[in-house]
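Whatever order the structure lists ligands and atoms in, that order sets their numbers, starting from 1. All residue numbers in this chain count up from 1 along the given sequence.
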Amino acid sequence: MELDVGACLFAPEEASACPEGAIGFSAEYRMAAGERAGLQSPDGAVALARALEEKSRRLFGRSLRLRSVAAGSCNGCESELTALGNVVFDLARFGVQFVASPRHADGIVITGAVSRNMSSALYATWEAVPDPRLVIAVGACAINGGPFRGSPEVGDGVPGDLPVDLWVPGCPPHPFTLLDGLLRLLGRLESR
Ligand code: SF4
């Protein structure tokens, strides 16, 4: 049996549906992985994201600008991304900020299951970001479609030809999970 944290909606019904009672919830917030497969394991353990290679860290480590792309989301993930800017999390103190234009960005943050009517906008936004660029998938929807998985109106998450650098699970992810993943990617957090 395999537990896919990326597909998990973190709903009580998911735990109660397990006949062995093997699924439970904890206060662990460190769950962002660098690889999609890092979210899948027999016991729910996550292979946490590793730091970008040195050249990318030199480019992004002190100043990272991100453009958010809401590709068919419910606004839950955007609410938590917005919370990163409040006085509690204060993402800007780490040199990470959201910008309005992809041409001013170093990468995109994708939320939502990628609805059909947002697909071309997503690609256009990604192509407008200058190389080298990062792709960050936030939330169960972006990772595998979330509660909309299988609908003919969505693509079940970020398309396979977009190279995702960070997978942040949750429905929605906690701001600490987002912050932890970003800081790991930038090499600011090394150990668990
Ligand atoms: S992952 Fe959950 S909170 Fe985020 S957009 Fe999808 S349904 Fe909404």
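- Of all protein heavy atoms, the one closest to atom 8 (Fe) of ligand 1 is C74 SG, 2.2 Å.
- For ligand 1, the atoms closer than 4.0 angstrom to any heavy atom of S73 are 5 (S).
- A 6.0 Å sphere centred on CD of E14 holds more than 12 heavy atoms belonging to other residues, nucleotides or ligands.
- In this structure, E28 contributes its side chain and R30 its backbone to a donor-acceptor pair below 3.5 Å.
- Just one of V168, L81, D180 meets the side-chain contact (heavy atoms from CB on, under 4.5 Å) condition when paired with P173; it is V168.
- Using a 4.5 Å heavy-atom cutoff, the side chains of R65 and Q97 are in contact.
- Shown in contact with P172 at under 4.0 Å from a heavy atom are these atoms of ligand 1, numbered in order with element: 3 (S).
- Within the 4.5 Å cutoff, no side-chain heavy atoms of L3 are placed close to those of P42.
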Discussion item. Pair E2, S41 - check side chain to side chain contact (heavy atoms under 4.5 Å, CB included), show working.
Written reply: CA-CA 5 Å; E2 187 175 74; S41 66; 5.8 Å; no
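- Between G146 and ligand 1 there is no heavy-atom distance shorter than 4.0 Å.
- Counting atoms of ligand 1 from 1 in the listed order, those under 4.0 Å from a heavy atom of A140 are 1 (S).
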Practice prompt. Tell me, with the steps shown, if L186 and V96 meet side chain to side chain contact (heavy atoms under 4.5 Å, CB included).
Written response: CA-CA 10 Å; L186 298 176; V96 185; 3.9 Å; yes
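- Protein heavy atom at the shortest distance from atom 6 (Fe) of ligand 1 is C141 SG, 2.3 Å.
- Residue side and main chain included, C77 places no N/O/S atom under 2.8 Å of atom 6 (Fe) of ligand 1.
- Using a cut-off of 2.8 Å, one finds that C171 contributes no N/O/S atom close to atom 8 (Fe) of ligand 1.
- Using a 4.0 Å cut-off between heavy atoms, A113 makes no contact with ligand 1 at all.
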